[in-house]
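Residue numbering restarts at 1 for every chain, and letters A, B, ... go by the order of the sequence lines. Since this is a predicted model, take the numbers as computed values, not measurements.
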There are 2 protein chains.
Amino acid sequence: MGRKNDRRVKYTKMVLKQSLLQLMQKQSIQKITVTDICKNADINRNTFYSHYSSPEDLLNTIESELFKKIRLSLDTSNDARTATLEICQSIWNNQELCKIIFSENGDRKFMKRVTTIAHDKFIAEWKVMSKHHSNDLLEKTYIFTENGTTAIIQNWIMNGFIESPEEIAAFIDEINKVVLDTLF
Amino acid sequence: MGRKNDRRVKYTKMVLKQSLLQLMQKQSIQKITVTDICKNADINRNTFYSHYSSPEDLLNTIESELFKKIRLSLDTSNDARTATLEICQSIWNNQELCKIIFSENGDRKFMKRVTTIAHDKFIAEWKVMSKHHSNDLLEKTYIFTENGTTAIIQNWIMNGFIESPEEIAAFIDEINKVVLDTLF
DNA sequence: ACTATAATACACATGGTGTCTATTTTACAA
DNA sequence: TTGTAAAATAGACACCATGTGTATTATAGT
């Protein structure tokens with residue numbers, strides 16, 4: 001019964017995560033060693049290896065947990081507008097973590113993985129209206145707006161959340177609408 | 001006189017560059033060691049260090065040379081449309097190199113550095129027309145289109161240059177126009 | 001042919017890695 | 001409360017890349 005719920009395991013994993021995030025505030029994941037993380041966490045290096053295989057592996061775990069949180073908040077909403085808003089709110093609710101994970105050295109692929117959730121709904125909505133257009137144009141437009149949207153959110157995070165989630169979501173909605181409405 | 005033009009130096013630098021690019025086809029720069037590069041190039045490791053300080057340093061050199069080429073082709077054109085086209089043509093003229101440098105593991109910051117040349121001209125042109133708008137909206141729109149444009153070019157490269165430079169430049173012009181004309 | 005210097009060969013201490021084998025500590029359950 | 005499984009630690013190990021020495025060889029340019 002006490003397999004994964006062992007207090008010792010929970011503590012170890014917790015401090016290792018904290019330790020990595022703390023180190024990531026000053027250096028990129030690429031330059032952080034297992035030894036660094038363990039010294040900073042006051043955890044034996046062998047213990048690290050019994051839970052994770054590398055700093056990247058540990059980071060993946062952290063990211064997956066955040067991703068799960070964000071996805072959970074989306075299960076209710078189906079249209080693109082509310083999905084965008086809820087993603088922004090999820091990020092807003094995890095500001096400290098997001099600041100680190102999506103920082104300069106942060107994993108762009110993961111950021112994209114998040115925005116894609118909402119963006120796919122955008123595209124699905126517009127795809128219906130664009131049957132007379134080539135898939136090629138749709139594909140290029142998708143790439144353009146996808147990456148633009150991702151950058152807007154990343155910039156919002158990096159600038160310290162000056163705008164509210166509502167404001168950012170509204171801007172994203174508007175500019176995506178402009179592009180897609182005009183082209184299709 | 002023969003300082004930097006020494007044939008030995010030219011050869012060494014050349015094979016080291018080739019070696020790194022070859023290795024980058026299969027792994028990211030992060031995982032490539034000095035030892036790897038030297039073994040692959042059949043160059044002594046000490047020789048590497050007498051020219052470059054790290055694999056990243058070597059890559060920076062390669063990137064800077066490409067950047068110089070691209071900038072050179074731009075000195076004639078002043079408007080955004082022709083600048084975009086000439087960048088696309090420069091990339092087209094260096095396909096093999098660009099495929100590697102802008103690959104999945106490629107340096108996104110460098111890709112942005114390139115597209116920014118043309119994009120800044122776009123923005124300068126539109127900035128004149130948008131005095132009545134907030135800098136904030138302009139800034140966000142800039143980020144959106146900047147990153148969208150970058151992604152389009154990157155995608156063009158990664159897909160193996162299916163379209164001509166003219167076609168890609170035309171799409172970039174059009175979609176940027178749509179966004180900026182509609183919002184301002 | 002001379003000479004400066006580029007390239008090589010060899011060596012070294014350093015530091016992180018991943019994986020062992022004990023040994024100690026501790027959470028949970030009977 | 002105590003027994004036990006398993007978690008954490010301690011210490012050691014070979015391995016490999018690093019960066020920096022020193023000495024030697026090869027060679028491009030004059």
Side-chain angles (χ1 to χ4, degrees), chain A residues 1-65 100 103 105-107, chain B residues 1-65 100 103 105-107:
Chain A
M1 186 69 51
R3 280 277 297 252
K4 278 188 177 179
N5 292 331
D6 192 313
R7 288 173 203 163
R8 291 171 295 183
V9 176
K10 284 198 280 187
Y11 173 80
T12 298
K13 289 186 174 178
M14 188 189 70
V15 287
L16 285 176
K17 285 172 199 166
Q18 285 177 347
S19 173
L20 175 59
L21 288 171
Q22 195 177 326
L23 293 173
M24 281 182 71
Q25 291 176 326
K26 299 204 172 175
Q27 7 173 3
S28 86
I29 182 73
Q30 320 280 0
K31 298 200 169 179
I32 296 172
T33 66
V34 174
T35 304
D36 288 338
I37 297 169
C38 291
K39 273 184 188 163
N40 189 43
D42 191 31
I43 292 289
N44 191 281
R45 205 159 55 83
N46 284 7
T47 307
F48 179 96
Y49 283 112
S50 71
H51 293 297
Y52 310 102
S53 63
S54 65
E56 286 78 11
D57 183 33
L58 173 54
L59 179 57
N60 282 339
T61 305
I62 298 172
E63 286 178 346
S64 292
E65 285 166 7
I100 298 167
S103 72
N105 304 312
D107 186 349
Chain B
M1 188 66 53
R3 281 273 298 250
K4 280 189 176 178
N5 292 330
D6 192 313
R7 290 173 202 162
R8 292 171 295 183
V9 176
K10 283 199 282 186
Y11 174 79
T12 298
K13 288 185 174 179
M14 188 190 70
V15 285
L16 285 176
K17 284 171 199 166
Q18 285 178 347
S19 174
L20 175 60
L21 288 172
Q22 196 177 327
L23 293 173
M24 281 181 71
Q25 291 176 325
K26 298 204 173 175
Q27 9 174 1
S28 88
I29 182 73
Q30 320 281 0
K31 298 201 169 179
I32 295 172
T33 68
V34 175
T35 304
D36 288 338
I37 298 169
C38 292
K39 271 183 189 164
N40 189 42
D42 191 31
I43 292 289
N44 191 281
R45 205 158 54 82
N46 282 27
T47 307
F48 179 96
Y49 282 112
S50 70
H51 293 297
Y52 309 102
S53 63
S54 64
E56 286 78 12
D57 183 34
L58 174 54
L59 180 57
N60 283 338
T61 304
I62 298 172
E63 287 177 347
S64 292
E65 285 166 8
I100 297 167
S103 71
N105 305 310
D107 187 348

Nearest-Å distance, CD1 (Ile43(A)) to C1' (dA7(D))?
-> 11 Å
Side-chain N or O of Arg45(B) closer than 4.0 Å to phosphate OP1/OP2 of dG19(D) = no
Separation of atom CG in Asp6(B) from atom C1' in dA4(C), rounded to whole Å | 10 Å
Ser54(B) and Asp57(B) side chains, donor-acceptor separation under 3.5 Å = no
Of Tyr11(A) and Ser54(B), whose closest DNA chain D nucleotide lies nearer the 5' terminus?
-> Tyr11(A)
Are OP1 or OP2 of dA7(C) and a side-chain N or O of Thr12(B) less than 4.0 angstrom apart?
-> yes
Does His51(B) have a side-chain nitrogen or oxygen under 4.0 Å from the phosphate oxygens OP1 or OP2 of dA6(C)?
-> no
Just to confirm, is there a sub-4.0 Å distance from OP1 or OP2 of dT17(C) to any side-chain nitrogen or oxygen of Thr35(A)?
-> yes
For Phe48(B) against Pro55(B), the heavy-atom pair lying closest together = CZ-N, 4.0 Å
Tell whether Asn44(A) reaches the base of dG11(D) with its side chain through a donor-acceptor pair below 3.5 angstrom.
-> no
Under 4.0 angstrom between Arg7(A) side-chain N/O and dC28(C) OP1 or OP2 = yes
Could you state the atom-to-atom distance from CD1 of Ile32(A) to P of dG16(C) in whole Å?
-> 13 Å
Could you check how far CG of Asp42(A) sits from P of dT25(C), rounded to whole Å?
-> 15 Å
Using a cut-off of strictly less than 4.0 Å, decide whether Thr47(A) has a side-chain nitrogen or oxygen near OP1 or OP2 of dA7(D).
-> no
